[in-house]
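To keep things clear, I will list the structure first and then write my remarks on it.
From a predicted model like this one, the values you see are computed outputs, not experimental measurements. Atoms within each ligand, like the ligands themselves, are counted from 1 in listed order.
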Amino acid sequence: MQRLGLPLLVLLLCCYLSGNEANRVYVHPFYLFAAENVSCETLQTQTAKPLLTGPVAPLDIEVLTPDSRDPLSQDGQRQNITQRTAVLAGLLNSLGLRMYQAFSSKQHRNILLSPVNTFGSLVTFYLGASKKTAGEFQELLGLSSGTDQKDCVSLMDGHKVLKTLQNINSQVDDGPKDEITTQVWAFTRQDAQLSKDFIQGTQDFSDASFIRSVDFSKPQEAEQLVNSFVEKTSDGKVRSIFSDINPSSDLLFLTSFHFQGNWTKAFQPEKTSLQEFHMDERTITMVPMMTHTGQYHYLNDKVRRCTVVKMPLSKWSYMLLVLPHEGTNILDLEPKLRTDVMSDWHQSLQEGLLELSLPNFSMSSDTNLRTLLANMAPEVEAKLLGSQAEFSQLSNSKHFTIDKAVSKVLFEMSAEEVGPHEGAELQDKVQEEGIPLKLSINRPFLFSVIEGNSNAILILGKITTL
Ligand SMILES: *[C@@H]1O[C@H](CO)[C@@H](O)[C@H](O)[C@H]1NC(C)=O
Ligand SMILES: *[C@@H]1O[C@H](CO)[C@@H](O)[C@H](O)[C@H]1NC(C)=O
Ligand SMILES: *[C@@H]1O[C@H](CO)[C@@H](O)[C@H](O)[C@H]1NC(C)=O
Ligand SMILES: *[C@@H]1O[C@H](CO)[C@@H](O)[C@H](O)[C@H]1NC(C)=O
């Protein structure tokens, strides 16, 4: 077993001043999230601490209250953006973009993913993983120490990661109403207990969690029961998620990420009209197109052949809309999406007067996390959730498996009502500022919703069909 004091390690391995950020000390991401007194733990040995598990309440369709929480373990207080938050945002953006690209190369439909939610689900599974599998999770997440020998792994503190994710989400909520709601459901088979660490994890990164046990031996009844429980506890937003439940299932996992936003640049409903949307060269459909003239931050990227527009959504969140130039295929643009490209775009935006037309859309998706990983590489899926994954820290029962893992994303935009006064003000301004450039989002486009303090990507999506 290698054991080095943490401060010494940080000093030896990972402190240097990077050239362009002269005052910022670079710390390897792992050391921001490392477990206390971290050492490289030998894979063969059992963990020193005994696994603490607890019984799971049976699913009762009349009992819809979320799991109770220990108020002490929730730092409800909103923390300021720290180095930890910024580093984690970089990691989840990078993984989110890679997942998006792998997904989009396999299917050519609309896409809606939440990088922050996917990351949180994987970290929750990490909490139940055996050491070897845990090491694989850290590798994918960009949170391995980078110095471990083959036969040992330095573990991170998953709770720190999950709480930081929840902190990123809570930055967006500005005002009395939450714009982001994260829920987690885990359904386990009747005789199994679940680890307290995993249960704590489901609470760390959610606003409400529901852990219940279910009799899977009659799969059709189980499916009906689980789906109606989810529907009731999500206010009818999440429906018919699980199908083909296997009677020998151990655990079904579901998380939902619900974003409810308002355009701060007011689109007036009376200016919305049916206009053409060109799904491809041959297919045109008519969609309700909202129009607004005003000052926007945007840029024309001649190299990557696209136009990027920033749309403020709230005090701390914004959307980047990416529209390929006419005649440019969106599939050629997608492989160019990288974290540095996105931040370059954001830094190079210039303010100007636009007459912007945009389809009035809301959307939702359910993504199977196993498929998402398998699209990246079948071996990744096998090691993290599939045949080679081991979850000895998840339950008291042996050979426990995560049979289904689904991420539901709901993206809903509503327009804030504009008073007549505000509308008149807009008109005056426009007359003063001259002739706007017309930009119509009337063909397939990419969009992302970003938390503005950390620049974490909350949602990443593509619309090709309306
Ligand atoms: C870490 O080490 C310190 C000092 O040796 C000890 O007091 C503390 O309990 C340790 N923490 C854990 C989680 O083992
Ligand atoms: C965040 O930072 C501001 C300004 O630096 C400070 O006034 C405020 O108290 C901080 N909030 C928290 C929760 O630390
Ligand atoms: C967008 O669509 C929603 C739902 O159909 C509608 O309530 C809203 O007024 C529309 N907004 C605009 C600006 O057209
Ligand atoms: C968005 O605007 C609607 C209508 O004005 C309002 O009911 C809703 O609370 C707002 N949502 C947020 C998150 O501010």
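Residue Thr272 has at least one heavy-atom neighbour below 4.0 Å for each of these atoms of ligand 3: 12 (C), 13 (C), 14 (O). Near Asn360, meaning under 4.0 Å from one of its heavy atoms, ligand 3 places the atoms 1 (C), 2 (O), 3 (C), 8 (C), 10 (C), 11 (N), 12 (C), 14 (O).
Contact check on Asp340 versus Arg338 returns a salt bridge, with a Lys/Arg side-chain nitrogen under 4.0 Å from an Asp/Glu carboxylate oxygen.
Centroid-to-centroid, the aromatic rings of Tyr318 and His346 come within less than 6.0 Å. Residues Phe391 and Phe198 keep their aromatic ring centres 6.0 Å or farther apart. Ring centers of Phe277 and Phe361: at least 6.0 Å apart, outside the cut-off.
Close N/O approach between Gln268 and ligand 3 is not found [any backbone or side-chain N/O within under 3.5 Å].
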